[in-house]
Structure formats: C-alpha cells, structure tokens
Amino acid sequence: MSKKNWPLWEVFIRSKNGLSHKHVGSLHAADEEMAVENARDVYCRRSEGVSIWVVKSTDIFASDPGKSEELFETAKNKIYRHPTFYDIPKEIGHM
Amino acid sequence: MTKQEALFEYLLRIGDNSLIMGHRMSEWCGHGPILEQDIALINIALDHIGQAKNWLTLACEVEGKERTEDDLAYHRDVLDFRNLLLVEQPNGNWGDTLVRGFLFDTWNYYFAKALTNSMNTQIADIATKSLKEISYHKNYSADWMVRLGDGTEESHTKMQDALNRLWMYSGELFTMDEVDEIMLKDVIGVDLHLVRKEWDDDVNATLTEATLHRPPDAWMQKGGKTGIHTEHLGYILAEMQFLPRAYPDAKW
C-alpha cells in the first residue's frame, strides 16, 4: 500500500439553517466527494450539521501572523467604530 | 409450519443478516486503511447492529417465549443462526470487504424497500426507519467499487478477484423457500424474484462503471437461511458471544 497520504481538506459545517458554516477541523480524502462523505462520518455522527463544505487546505491563503500588528492592532485605538456610544431603545432588546 | 413459526424464522433471517454483517464490519475497528475510513466502517457496523436489535426484539415478541434479543444474539449456536452465507465471509483485504458489502448492501436496499410495503406494520416501520441507513451503505459501497475497480491496475485486479471469489454466495440472496412463500402469500414478506431484477440492473450498472466483469452464474453456495453455515460463523460466534457466555450476569 502506498504510504503517501491523501490530500488534506478543511471541513466547514452549518449546524442549522440560518447559521453560517463554521470550521470544525480537517481530514484526508482522495477527492472532494470523498471528503464530504468522510466529513459526514467524522464530524456529523451526532447530528451536528445540515450542510458540509470542504476546501482543499492548500487553497486556503492565511494572514501572516508576523503582520498581526499592522493588520489588527490599528483598529484597537479606534473605539468610535464600536457601537457603544449609542443609546439603544429598550424595545429593541438585545442586539 | 404455522404462520407464526414462519414469521419468527423470517425475522431471524433479517435480524441475523444485520447482526453478523455488523459484527464483521466491527472487526475493522482500529484496522481501517485510513482513520477516516475506519470511522466510516464503524458507523456502518453500528447501523447494522442497531437494526439487528430492532429485528430480533420483534422476533422475540412474535415467539412469545420470554427470550430477549440478547438471548437470541448471544445464546444461540451456529445451527440456529439464519443469516446469509455472504455476510459471514471473512473480511479479507479491503477489496474483499467492499465487494461483500456491495453485493449485500445493494440487495439489502431493494429488500428493505419492498419490506416498507409489508402488511405487518411493525415490519414496515422498522424497514422504513432502516432504509435511510441502508441507502447510505449502498451508495458508500457502490462509490468504492467504482473508485477501486476503475482505479489502478492493482486495485482493479484485487476488486475483480474479490468479486470472482464472493460471487458464489450471491445466489442465496434470491432463493425462495417455504418461509418466504408463506410470508409472500400474506403480503408480509418480499418477492425475491422482483428484488433480483432490481439488484441485477443496479449491480450491472455499477460494475460497468467500475470496469469490472460480472462473473458467470455458476454453482451457487447456499444454506445460511436454513442454518447450514460455512466454517466461519463458528469463529464469529466464539468471539461475539464470549463475554455474555463467560459472565452471564455481566451488566453495563
């Protein structure tokens, strides 16, 4: 048997209609169809989901952790971007 | 044979198919070729064992002798089992397991589908509940047949070898005896000749897609349905029944 691993896939599951897909983990599979079936067996055994997305891990381009200061830190001193300065009418309830 | 006896036999056959198939699949636990497939196989094994519990519980109810489904599963000997010879065949290599699953799952799908129309509502209910799982098993098996049949030269050869080896156990899927006839007459059971037609079409289509050759229908082994088994069943029971036999009072 070949010792070469099948490609790695990232799995996203929608837990119920109306919610967005969330990353739940990764797995190996030969192609996208097998990846969905494997995801069903590995991540949906306890009715966790109603929809599955799979994406090849190599197709994900991630932000550079070394650049986190310039990417994210700058937003921290712009507190006016948070909607904390508005009075929310009671009738609205929790937003 | 009374109708009640025939019904009990009929339920044993269905339940034992699931039980032995489930046990065979469970033997892969921790030995799957890849983690993801190990989990897939065990999911299928658990589906089968869950279905076996439903069928054998109903069998006990019909028998009316205060036996439980555990008594039937763990305290019967080889000659009292009624499963098809096909499902007790050894796991062999990955291809052997897949081909055995493919032949059985395709049959099981059309069999269970026909059972959903049973006049016995309890049988129809269990069949309806099981059909979704069985449908997944059937697709899973067919998918792998095509992947490996139409895969590399080595995978193709292994799948064809497994198919040639197991083909002689496919005839028993469709044999009708007195029990089947009584159940069919009362519209409780299934006409296996009709199942054969659907099975043939489906199996032929998948084999063609998988570039595999359907072996010729030569001598067919049979006997499991009436309690005459291959030597393999005894070894299965030795392992499966060890705990309840050695510790009869053991509790979870």
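Looking at B/N17 and B/F81, their side chains never come closer than 4.5 Å, going by heavy atoms from C-beta outward.
Judged as a ring-ring contact (aromatic ring centres under 6.0 Å, His included), the pairs with a partner in residues 41-72 of chain A (not counting sequence neighbours) are, in order, A/H21-A/W53.
A distance-only check finds a donor-acceptor pair linking the side chain of B/T116 to the backbone of B/K113 [under 3.5 Å].
Neither the backbone nor the side chain of B/W94 comes within less than 4.5 Å of any heavy atom of chain A. Looking at B/L46, the atoms closer than 4.5 Å to chain A (heavy atoms on both sides) all sit in the side chain, from C-beta outward. Proximity to chain B (any heavy atom under 4.5 Å) is restricted, for A/A30, to the side chain, taken from C-beta onward. At a 4.5 Å heavy-atom cutoff, the contact between B/D143 and chain A is made by side-chain atoms alone.
Geometrically, A/R40 engages B/Y136 in a cation-pi contact defined by less than 6.0 Å to the ring centre and at most 45° from the axis.
Between chain A and the residues B/N43, B/I39, B/I42, the most heavy-atom pairs under 4.5 angstrom are made by B/N43.
Under the 4.0 Å criterion applied to side-chain N and carboxylate O atoms, B/D200 and B/R196 are assigned as salt-bridge partners.
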